Number of protein chains: 2
Amino acid sequence: MPPRRATIKDVAAAAGVGVATVSRVLSGTGSASPETRERVLAAAARLDYRPSALGRSLKLGRSGGLGLLVPGLANTFYGQLADGVLACARSMGEHVVVGATGDDPEREASLLGSLVEQGVERVVAVPSGDGLGENWEPALRAGLRVVFAGRPGPGSAPSVLTDDRAGVQAAVDYLGGLGHRSIGFLGGPATARERLFRDALAAIRMPADEELIVAARATRDSAYAAAASLFQRRPDVTAVLAADNTLGEAAVLAARELDLRIPRDVSVIMFDDVPWAELCGPPLTVVAQPAHDLGYRAAELALRDRPGPDRTLLPTELIVRNSCAPRTPR
Amino acid sequence: MPPRRATIKDVAAAAGVGVATVSRVLSGTGSASPETRERVLAAAARLDYRPSALGRSLKLGRSGGLGLLVPGLANTFYGQLADGVLACARSMGEHVVVGATGDDPEREASLLGSLVEQGVERVVAVPSGDGLGENWEPALRAGLRVVFAGRPGPGSAPSVLTDDRAGVQAAVDYLGGLGHRSIGFLGGPATARERLFRDALAAIRMPADEELIVAARATRDSAYAAAASLFQRRPDVTAVLAADNTLGEAAVLAARELDLRIPRDVSVIMFDDVPWAELCGPPLTVVAQPAHDLGYRAAELALRDRPGPDRTLLPTELIVRNSCAPRTPR
DNA sequence: TCCCATGATGGAATCGTTTCCACATCCAGA
DNA sequence: TCTGGATGTGGAAACGATTCCATCATGGGA
């Protein structure tokens, strides 16, 4: 039978003082005689007293704590992002409540609801799906402080993003420079990069071939299916840009399955410099995003008292390895 | 200026009833006339009322919520495990508070402390480091309900583990069968598998060469250094077993750096069937662990009211790909 | 017609904390 | 000696929810 946790009353009784005095001593506010302070501290230590965050939060109104909503943690990119959030929160002494949305707006809404029930009033989120985000309006209006990370959020909340436009452009430029004319795009649930891809194509005066732009849902299977069908439908694609590491993985797998050699038959570039990109056979050329920083900065913004900039852009970097080659007609 | 969240009192006033009635209607306990129920529900909806988990927890004593302590989320294995925990918690309507220990007992202790301050009384944890775990005794005695996952925990708390003994043995058997006599072992912060490795060697009557057994700290750099130094000190190793995916990654990288071909010069087996194992050049033979299930089952045990078995063992599976070859003397 | 069981309802206590306020003590300055 | 500020201290209210208990109305059975 676990002994009830000691409360402030127990400490007060043990030290022979009132609860108010204990509270003052422990929180450092107000005055207390050195002797009293000593007694209280000793009693607290003896009873192994831990102030209940519940009681404090209730009284104070503000609950502290940071919410974190990501599609899923099995994806290394979000894992790194989450680690960044965790690091920042720890440095500011806040705890973190996480939820995996699975990129499903419905789940996101329910998770968000449970967060506000917990009294969480600051949230870092990778908004799910298409970012129409009727989910967020009510929460924002209710005073929830949310910072979007990695994907632009709906509404007026600040976001911390990577410079996707530059990243996509760098990838497309590189591929174009290699002579590729039929460049496929594997998009995910977040569709923003798709638009950037069209823009990047336009910037180098290449027409966008709609058939080469495919979007997958947020599952491994869907990603694989999208990649495989792209390669099969259009044997003339000589290069592919994958919008995230799951899609990149699918592209490599599908290419192998169809006996397409990388980079001889298809060149591949993917977003996210996950550790295995270098290990892949062949090592993958990637558009690196600072996932950890993304999370850290977003958490910082959410936790700081002063409102920060509405939009902070972190740089991307094209890291060239061995998955791209000059175009050879197939 | 964000409007204060509606409280039960506001709902009571809006519906023209007492707070007790509102509580009864909303929680479904006790009786209320259909007409009253209707009014309360309408008022609650109109005010967008969300009961405060803080108030409820305080009154009820139990706070709900599940703590999750892992070394770090950037490691895919722990990411998958965390996803499993999240999935289970969501299905039982509980929220999850996570912390990244970095495999540091000190950080673990501080995180654990902040968890109990939050009122969390059930925890799933991958115990940090060597598992001596003076961290856990006080928490356990204080009535915290913890379930260890992935690594055996200290003390009497239940754990959900993979059958590492069988996994290590399968790997060693396989390597031995291929003719390898100098098998290296790359261990991490958790040292349990090191012992199993010796046992497995003994089981096939092979002496353990202490110089071939190295342990790295929980960083990528340390893992790489360990792998590189192993290969350099002992050019006669023809096979390596890496105790987790970080170590496996390091082994592949170090081998490449030293111009050791896998599998011609060294065979490599690693723990964790992370998605990229198949993508690696060459595809890696692995000891697969059901990471997601590990988390799910552990969370289930922590959340269920009845105490479960003290130790549940999930199977591992040797997945043979192309990173091992018969021994050829170097 | 009376009584009591039943059902609906609201008041109030409670959980653990912080903080306002009142009270007591003490000492310096007039 | 009296006054007034400073200082140390404890009581009590408040936060938002649940729940015990008392109250009240109602209706059926004797």
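Since the model is a prediction, treat every value here as computed from it, not as a measurement.
Regarding A:Leu60, its CG atom lies at a distance of 6 Å from the C1' atom of C:dT18, rounded to whole Å. In this structure, the CZ atom of A:Arg24 is 10 Å from the P atom of D:dG8, given to the nearest Å. Atom NZ of A:Lys9 is separated from atom C1' of C:dT17 by 10 Å (rounded to the nearest Å). Atom CG of B:Leu26 and atom P of C:dG10 are 14 Å apart (whole Å). Rounded to whole Å, atom P of D:dA17 lies 9 Å from atom CG of B:Asp10. At whole-Å resolution of the value, CD in B:Glu117 and P in C:dG16 are 15 Å apart. The CD1 atom of A:Ile8 sits 13 Å away from the C1' atom of C:dC15 (whole-angstrom rounding). Going from atom CG of B:Leu58 over to atom C1' of D:dA14 covers 12 Å, rounded to whole Å.
For the atom pair CZ (A:Phe148) and CG (A:Leu69), the distance works out to 9.5 Å, reported to the nearest 0.5 Å. In this structure, A:Thr312 OG1 and A:Leu301 CG are separated by 6.5 Å, a value rounded to the nearest 0.5 Å. Of the inter-residue distances, the one linking A:Leu26 atom CG with A:Tyr49 atom OH reads 6.0 Å to the nearest 0.5 angstrom. In this structure, CD in A:Gln80 is found 10.0 Å from CD in A:Gln289, a value given to the nearest 0.5 Å.
Look at B:Ser23 and you won't find any side-chain N or O under 4.0 angstrom from OP1 or OP2 of D:dA17. At the phosphate of C:dG10, OP1 or OP2 sits under 4.0 Å from a side-chain N or O atom of B:Thr21. Side-chain N/O atoms of A:Ser33 include one lying less than 4.0 angstrom from OP1 or OP2 on D:dT9. Residue A:Thr7 places no side-chain N or O under 4.0 Å from the OP1 or OP2 atom of C:dC15.
You'll find that the side chain of B:Val19 is closest to C:dA12, out of D:dA17, C:dT18, C:dA12.
In this structure, A:Ser31 reaches the bases: a heavy-atom distance under 4.0 Å links it to at least one base atom across the strands shown. Backbone-only contact: B:Arg50 has heavy atoms under 4.0 Å from sugar-phosphate atoms and none from a base. Note on B:Ala20: a base of the nucleic acid sits closer than 4.0 angstrom, heavy atoms only. Using a 4.0 Å heavy-atom distance criterion, B:Gly16 is classed as a sugar-phosphate-only contact. If you check every strand for non-hydrogen atoms under 4.0 Å, A:Ser27 touches nothing. Using a 4.0 Å heavy-atom distance criterion, B:Thr36 is classed as a sugar-phosphate-only contact. Note on B:Leu54: nothing from the nucleic acid sits closer than 4.0 angstrom, heavy atoms only. Counting any heavy atom pair closer than 4.0 Å across all strands shown, B:Gly18 reaches sugar-phosphate atoms only and no base atom.
Between B:Val22 and B:Lys59, the residue whose closest nucleotide on DNA chain C is further toward the 5' end is B:Val22. Nearest-nucleotide positions on DNA chain C for B:Arg39 and A:Tyr49 put B:Arg39 closer to the 5' end.
If you check distances only, the side chain of A:Arg37 never reaches the base of D:dG8 with a donor-acceptor pair under 3.5 Å.
A salt bridge is absent between B:Glu137 and B:Arg141: the closest approach of a Lys/Arg side-chain nitrogen to an acidic carboxylate oxygen does not fall below 4.0 angstrom. For the pair A:Arg151 and A:Asp103, the salt-bridge criterion is met [side-chain N within less than 4.0 Å of a carboxylate O].
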